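Written out below as structure tokens is the structure these notes cover.
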Amino acid sequence: MIAIIDFGSQYTQLIARRVRELGVYSEILPPWVDMDELSNKGYRGIILSGGPMSVYDEGAPIVDRKIFDLGLPILGICYGMQLTVHLFGGRVDRADRREYGMAEFEVIKRDSLFDGIPDRFVVWMSHSDSVVELPDQFEVLGRTNNTPYGAIKHRELPIFGLQFHPEVSHTEYGMEILSNFVFKIAKAERNWSMERFIEETVKSIRERVGDEKVLLALSGGVDSSVVALLIHKAIGDNLIPIFVDNGLLRKNEAEKVLTTFKNLGVKVHFVDASKRFLSALKGITDPEEKRRIIGHLFIEVFEEEAKKFGKIKFLAQGTLYPDVIESVSVCGPSSRIKSHHNVGGLPEDMEFELIEPLRNLFKDEVRKIGKLLGLPDGIIKRHPFPGPGLAVRVIGEVTEDKLNILREADSIVVEEIERAGWYDKVWQAFAVLLPVRTVGVMGDERTYEYVVAVRVVESVDGMTADWVRLPYDVLARISSRIVNEVKGVNRVVYDISTKPPSTIEWE
Ligand code: XMP
């Protein structure tokens, strides 16, 4: 294993994923991690991440100086390197201006960190502060035009620092540098693979569950679907996946999910609760109120269904690694702006033991497992879909009629985006139905109908997003199909707002 100490960089998770792509398990730990834990848990090396602060800032995250005495190889990246220099008594200069973007890096002293890599290559820089004085124990391995200490190494110990970001794809040979650190310097073994993960997880679920039953709220998204398949592989029909149709799903969604699992041999317990949800939403226009009602009702319905199966000991959830990392970077403001009611957000008073087989995995790993377990691409590559479903995309009061209009418009958006080859390149593509009617003309007749907004965004994690510059002809086809094929809509607009200040969903 490789430990990654997180100082709050937006790239910390990327470092962890890169190490895993190399076939080595990695874990993200907070700067306050206990040094005994670091030294006893079996880590082969430590990577100190970047971070947004200056080492001199009040409250800047600092790691125990003893980390350098553990005898483990250490690679400090950006802030991680500055902190290393600072803790060894060197000097870091505060800069007012950021150096951001590409730079040419030149190796000036050969070291195993740069094995198999040319003398000059392009690196990605993103920093304000710089090292200006190296501690005596360190030497320079490489530089760029603006950064004389671009890469450094302790003269005797396996402690390295890089001012650039090897984990970012813009850095040429970044993977090779990480690989050199992980295999040549830290001497880690390549033994992390999804095939092996499946094998071990299935075995441990089987042992833990025995003859008991496991309940699962299946949403049809990647995470709960993969959980279903993993557990089903372990215990067969003792898994009870419950799929609730809340009436707020997309066109044909429930059928698709049910057929998929039928084909995979998994028995799904289907509940059509659409009428209950729609009547609970009657007259409600406030977005938070909608979310609250849907969240509570989901729990109510799920509990009622679960009771039908008698006493069940276990509840499975699709929690992923990014949700459980204890770190300085998880408290971004945007994560708390909307209340998120998901399947999985079940009440604490239900007395279950939790099974969370994806707890240590990143999304791309979950997708790989899905693929290995035979989940079709339609689910594996599916865009994120909010728990409250189309209720937050019908702006204002949710009615059956409006949901039907939105379903048709939305399926055209997705179809055309897929046909043009954009589906896998974007984070989300969907339609929103506005509670506004505008005047139009069709044939010789005046019309007075709804407006559909089309939202297509790119994003890395949903926390920030940019609207996608779709080709005009794709937009044109979407618009013309919607107004021609969807009764009740005579105008289509394209949402060109970024997040922030907007959000991805409209409610
Ligand atoms: P916003 O609208 O907050 O959305 O910019 C960010 C990402 O989260 C998704 N989203 C949700 N996902 N339950 C979810 O599982 C929810 O209640 C929910 N609300 C928003 C949204 O689709 C986007 O990908």
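Please read these numbers as outputs of a predicted model, since none were measured by experiment. First listed ligand is number 1; within each ligand, the first listed atom is number 1.
Which parts of ligand 1 touch G462 is read off a 4.0 Å heavy-atom cut-off, strictly below it: atoms 6 (C). Residue-ligand proximity, P388 to ligand 1, at heavy-atom distances under 4.0 Å covers atoms 16 (C), 17 (O).
Some N or O of E505 is nearer than 3.5 Å to an N or O of ligand 1, by distance alone.
Crowding of K267 atom NZ: a count of heavy atoms from other residues, nucleotides or ligands under 6.0 Å not exceeding 12. Residue-environment remark: NZ (K213) stays at or below the threshold of 12 foreign heavy atoms within 6.0 Å.
The side chain of K499, and not its backbone, has at least one atom closer than 4.0 Å to an atom of ligand 1 (non-hydrogen atoms only; side chain from C-beta on).
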Tabulate below the donor-acceptor pairs under 3.5 Å that side-chain atoms of residues 427-438 make, not counting sequence neighbours, or state none.
unit_1: Q428; atom_1: NE2; unit_2: P384; atom_2: O; d: 2.9
unit_1: T438; atom_1: OG1; unit_2: N490; atom_2: OD1; d: 3.4
unit_1: T438; atom_1: OG1; unit_2: R491; atom_2: NE; d: 2.8

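Evaluated by nearest non-hydrogen atom to atom 7 (C) of ligand 1, the leading choice among D223, T464, I504 is I504.
Closest approach of A306 and L215 over heavy atoms only: CB-CD2, 3.4 Å.
For H269 and F309, the ring centers sit closer than 6.0 Å to each other.
Contact annotation: W506 has no heavy atom less than 4.0 Å from any atom of ligand 1. Using a non-hydrogen distance threshold of 4.0 Å, R291 registers as a contact of ligand 1.
Taking the side chain as every heavy atom from C-beta outward, I325 and T12 never approach each other to under 4.5 Å.
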